[in-house]
Structures are given as structure tokens and as C-alpha cells.
Amino acid sequence: MQGKELGDYIIEVERIRKTFPDGVQALYDFSTRIRRSEVVVVIGPSGAGKSTFLRCLNGLEDFDSGTITIDGIPLDDNKENRFEIRKEVGMVFQLFNLFPHMTVLENVNLAQMLVRKKNHDEATKVTMSLLEKVGIPDKAQSYPSQLSGGQQQRVAIARALAMVPKVMLFDEATSALDPEMIGEVLDVMKTLAQEGMTMVVVTHEMGFAREVGDRVIFMDEGRTVEEGSVEQIFSNPQKERTRQFIGQIL
Amino acid sequence: MKKKKTKITPLDLIVSALILAAAVYLGYRIKVGLHYKWNWQAIPQYLYRYDQESGKWVANLIMQGLFTTLRLSIWGTVLATILGTIMGLCRISQSLFYRLLGRSYVELIRNMPPLVLIFIFYYFVSGQIMPVLGLNEFILAQSETTQRLCELLFAPPSFLSAFFSALVTLAIFEGAYIAEIVRAGIQSIDKGQWEAAHALGLSKWQQMRYIILPQAVQRILPPLAGQFISLIKDSSIVSVISIQELTFQGMELMATTYLTFEIWITITLLYLVMTFTCSLAVQRLEVRMARGRA
Ligand SMILES: Nc1ncnc2c1ncn2[C@@H]1O[C@H](COP(=O)(O)OP(=O)(O)OP(=O)(O)O)[C@@H](O)[C@H]1O
Ligand SMILES: [Mg+2]
């Protein structure tokens, strides 16, 4: 995107390694730095380590070595730090993961009340304005099972935003959706990007990448193969492996 | 939903005829082969008897046994649920120690003949633990009303120690099965639910309390209710340690009256009434839960 002011580095990832107990090496000395308000699109073949990278960023997965720092807070063994980072990093999953036993309102209210210690009315006010923003204020009293996939994913985004995160992670947020619903979710994500949210987005949606992506990271076998501007990676890739992959998905 | 028409097929008729024939033959063998004289009139007095002194109808042996069975079952379920939940949580704990603890408990109990377990635990609990607790002395020192209440809820003061020993034994036995129900219920919840809650900043305890348990309980309740029915039936096993529940009373009565078939049919019917009532309750519960939300 042109004309957007990028700030200082909010995410710093230094040579992280992650080997799963079964011996699979998911991340191999992976490093990257992400600026405030930057929208980074992560692409790569299945098993490249994209999800593992995102999950390391919010502490869902532990890494074996290297360092991750988010907004100056190191993601180490310190419980306080880990908690702080979980609060500041929102995540949207491929399969929504809404809480099925709660209404939409309760889903979005929950963490505000439990973690941010707001009372019910304050939380509800925030929730309603977020539901407005994602376009489904009339569904507040519905249960997730009564919503379409696209609506569920928009609730999931609202739920993450309710924590007022500094960073949002999207792991193939539109892959499980019917084609006609992808647009409505991407629109919400684009709005967020334009508002200056720092976003790390794993996606196959090249249209989205071109429109709001500031940078593309192409990963394979747990490392960065190539990274650069959207234009550079999509139209003029330098590495053979990148060219191959781009050829497959475009 | 469409209502299914009940249609009687020829096969149904044949099966019914066979069952009827078997029943008639059985009755015939009892009458002719055993020369059994039925004496159903004798049974009601063992259910309730008229007490001359107080001028009231009071429960007699069989009904007393029934009440003891009910008390054992209800309290046993409460205790077993508590123990089972704790052990079930241990089984999925992050700590290897707790996992081992839960695992050992479940495997040990489930792989032991219940009768052996009863003997071991009963003699240990009643011989070693109860005297230390001093339960008997404690209850005998209480006021009349407390003792009455205790009798109503548990057992007469003189039987209290035996009753609690049996109760603990039953709870330890059933707890192993409940632990597995709890573990399975929690593990059946999608991993994504934990992850979403984690990503929102909820603590481990909050994830459990607000996200996982409410969903798991919906899946745990029906099998748990089924386990309650099992416990009613399994409670008969404590008759071997002279707890005067339904089966024990049946054996006692049979030894003195020789009304073998009448007594055991009565007792069977009483067990059936208890378990069948519970089954119906479970079914309604399941229907209501299914209707709740998908
Ligand atoms: N919990 C796990 N246990 C063992 N191996 C895992 C686990 N999660 C991921 N892996 C392995 O780690 C590697 C990287 O997985 P990851 O999910 O990060 O890939 P991805 O780039 O997100 O792929 P996809 O596009 O299929 O989602 C893969 O080889 C995968 O099989
Ligand atoms: Mg993935």
C-alpha cells in the first residue's frame, strides 16, 4: 500500500527453531522484523511452517531456540511476559473456533470481562460497536451454529479485536469459507489494514496481498526463501523455488 | 419429524410366541418339576408392616433394604463424581506425576475383580481408617435430632461406620469409571477451543472453567447418568460385607422364609423400578440437551 506510514519494529523474530517431538523440523533459523502498521503476507507450500510461525508469535507453540520480541516484550519463560503478549496479539483461525455454547455477544464479551476486567455493560458497548464494524450487529443474540461461515469468521475477528490487540494474526482465515463468503471477510481485513493494524496474514488470496500487503514472505521448509514487496515477489521473483510456487498459485 | 407407523410383521409374531412359550414352560417346570407352591400373600408384610405400638405402617426388611440401596447409590454417586472428576482431570494434567497418579488409579481399579476390591478396601477402611476418625463415638455423642437426621440420610448410628466404609469402597470403585467419562468428555472438545481461549488471554483455569467444562459437561452428563444406573446395580455387591441393602435383605429373608421366587422376583422388580426410572430420566435429559443447541 502506498502512502501508509510504517512505524518502528513491533515484532522482532531472531533465528527461531522449532522441532516437533516427532522430529519434524517446522522452523529452521527463521528471522523477520515487522514494523508497526505493516501488513505482512506469508505464503508457502503446505508444511512450510507458516502456521507454526504464527503460533509461535502468540505463545501457542513453544520454540526451541532464538528470540521473539513483541512491542519490546521478550517472549520468554516469564509468565507475565507471556500473558502480556497473549493479550496484545490477536489471532483468527481457519476454522473460526467460536465458543459454540455462547451467543455472539458472549463470545465477544468474554475476554473483555475476564482478561480486561470490564463490566458487562462496558464490554457490551464495545462488542456492539465491533459487530457494527464487521457488519452483523443484528446477530448479537445468535449462537455460532446459526450463522454462516463468513458471519462466524467476522465474529471471530470482532472477538479478537475486542481485546484491542496491537498485532493481528490471520491463519488462512478464508480457506474454510464458501467462495461467495470470502469477500465479506477479506473486506473486514482490508478495513483493518487501512486503519493501521499490524497484521501477519497467511493466505492464498493474492488479490488481498496485492491490495493491502506491504511485504510478502515466501517460506519453505521452515525458512524464508525470499521476501520483498508484493510487486517484486509476484511479478519478478529472484529464486527458482519462488518462481515455481508463484507459477502454481497464480 | 414423521411418526413411524408401528407395523407388526410375521417375524414379530413368531418371536413373541417363542418368548411366551418359554415363559409358560418355565412356569410349568417350576410348578411340576420343583413342586413349587407360590405364596405371594406373604410378601407384602416384608415390604411394610403395621406397628402395633405406634399404630403406624413402617418399612420392613425389603423396603429398608431399598432405602439403604438408594442412600448408597445417591451418596456413592456424589462421592464417585467428585473423586472421578479429580482423577479425570489428573489424567489429562500437564504434570507427569498427576497423569501417572490418575492412570494408576483407573487401571488398578478397572482391572481388579470388584469383589476382591470390596474385601480389600472394606477391611482396610473399616478396620484402619474408621476407628481413627472416631465416627461412631462422634455420632453417639450428638443430640437425638442429629442422630435421627443421620439415620435418615445415611444409616442408624450403630451401622454408620460400616455404611461409610461401604460407601467409600463403592465410590472408589465407580470413581474409576467416572474418571474415564470425565477424561473422554474433556478430550472430546476440539483443540481449537483451547487455542482460541488461549489466544484471547484466558488463563488455563479460565479456559477450563468458561470454555471447556461447560461444553464437556453436556457430553459427560448422559454417560454419567448411565454410570449412576450401574452404581445402583453394583451396590448389591456390598451385601457381601453385610450392608443391609436390598440384595442382602433378600438373602436374609430367603434363608428364613424359603420364598425363593417370590422374594427374588420382588427384589428384581424393585431394582428394575429404580434403574428404569433413571433410564427414563436420562433419556429426557438427552432429548433436552440435544434440543438445547447443536
Ligand atoms: N503439532 C504438531 N506435531 C508434529 N508435527 C507438526 C505439528 N504441527 C505441525 N507439524 C509439522 O510441522 C511442519 C510445519 O507445519 P505448519 O502447520 O506450520 O505448516 P503450514 O505452512 O502451516 O502448512 P499448511 O499450508 O498445510 O497449513 C509440517 O511438516 C507439519 O507436519
Ligand atoms: Mg497452516
Side-chain angles (χ1 to χ4, degrees), chain A residues 51 54-55 57-62 79-80 82-103 106-117 142-147 152-153 155-165 167-171 176, chain B residues 1 85 88-89 91-100 103 181-225 285-294:
Chain A
S51 299
L54 285 203
R55 293 160 59 83
L57 285 182
N58 73 345
L60 263 182
E61 210 80 71
D62 292 325
K79 268 187 142 178
E80 294 290 315
R82 299 186 71 86
F83 178 58
E84 208 53 42
I85 285 177
R86 278 198 292 149
K87 280 196 299 190
E88 306 305 343
V89 179
M91 185 158 191
V92 177
F93 301 84
Q94 182 174 0
L95 297 175
F96 330 136
N97 296 349
L98 292 181
F99 307 132
H101 58 299
M102 296 179 179
T103 62
E106 289 165 342
N107 261 279
V108 185
N109 271 0
L110 185 75
Q112 298 185 59
M113 292 166 69
L114 290 181
V115 184
R116 295 279 186 219
K117 308 284 178 209
S142 305
Y143 283 96
S145 59
Q146 300 166 323
L147 304 182
Q152 289 191 50
Q153 194 60 299
V155 173
I157 294 174
R159 182 176 67 177
L161 290 177
M163 287 296 289
V164 201
V167 176
M168 283 283 281
L169 311 175
F170 294 83
D171 192 357
Chain B
M1 220 205 295
T85 307
L89 291 177
R91 286 217 53 184
I92 51 171
S93 159
Q94 309 242 312
S95 131
L96 180 66
F97 172 75
Y98 286 120
R99 277 207 309 281
L100 271 178
R103 180 85 194 265
I181 292 174
V182 169
R183 179 190 61 77
I186 291 175
Q187 286 184 337
S188 75
I189 304 301
D190 181 39
K191 207 161 91 316
Q193 294 288 309
W194 289 99
E195 295 183 350
H198 174 96
L200 284 169
L202 271 63
S203 69
K204 261 258 155 329
W205 158 247
Q206 288 171 331
Q207 296 169 29
M208 197 65 169
R209 160 77 183 74
Y210 294 96
I211 308 302
I212 306 303
L213 277 187
Q215 296 182 64
V217 162
Q218 291 196 7
R219 301 189 191 176
I220 287 172
L221 268 189
L224 193 64
L285 187 79
E286 282 178 342
V287 170
R288 272 187 52 179
M289 291 206 153
R291 231 187 292 144
R293 56 193 79 106

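Letters A, B, ... are given to chains in the order of the sequence lines, protein chains preceding strands, and every chain is numbered from 1. Just the heavy atoms: all of them, side chains too, but no hydrogens, waters or symmetry mates, feed the values below. None of the values given here were measured: they were computed from a predicted structure.
Side-chain contact between A:P100 and B:Q193 is present, with at least one heavy-atom pair separated by less than 4.5 Å.
Using a 4.5 Å heavy-atom cut-off against chain B, the contacting residues of residues 108-116 of chain A are A:L110, A:A111, A:L114, A:V115.
The heavy-atom pair separating B:A196 from A:F99 by the smallest distance is CB-CE2, 4.0 Å. Smallest separation of non-hydrogen atoms from B:L200 and A:M163: O-CE, 3.4 Å. Among all heavy-atom pairs drawn from B:I211 and A:H101, the shortest one is O-CE1, 3.5 Å.
Chain A forms the most heavy-atom pairs under 4.5 Å with one residue out of B:P214, B:G201, B:A197, and that residue is B:G201. Between chain B and the residues A:L98, A:I85, A:L95, the most heavy-atom pairs under 4.5 angstrom are made by A:L98.
Within 6.0 Å of CZ in A:F83 there are more than 12 heavy atoms belonging to other residues, nucleotides or ligands.
To the nearest 0.5 Å, atom CD of residue B:Q215 and atom CE of residue A:M102 are 8.0 Å apart.
If you measure heavy-atom distances from B:Q206 to chain A, the contacts under 4.5 Å come from the side chain alone.
In terms of the side chain to side chain donor-acceptor pair (under 3.5 Å) criterion, residue partners of B:R103 (sequence neighbours excluded) are, by chain and number, B:E107. Taking B:A199 as the reference, A:N58, A:M91, A:F93 meet the side-chain contact (heavy atoms from CB on, under 4.5 Å) condition, with sequence neighbours excluded. For A:D62, the salt bridge (Lys or Arg N to Asp or Glu O under 4.0 Å) criterion is met by A:R82, not counting sequence neighbours.
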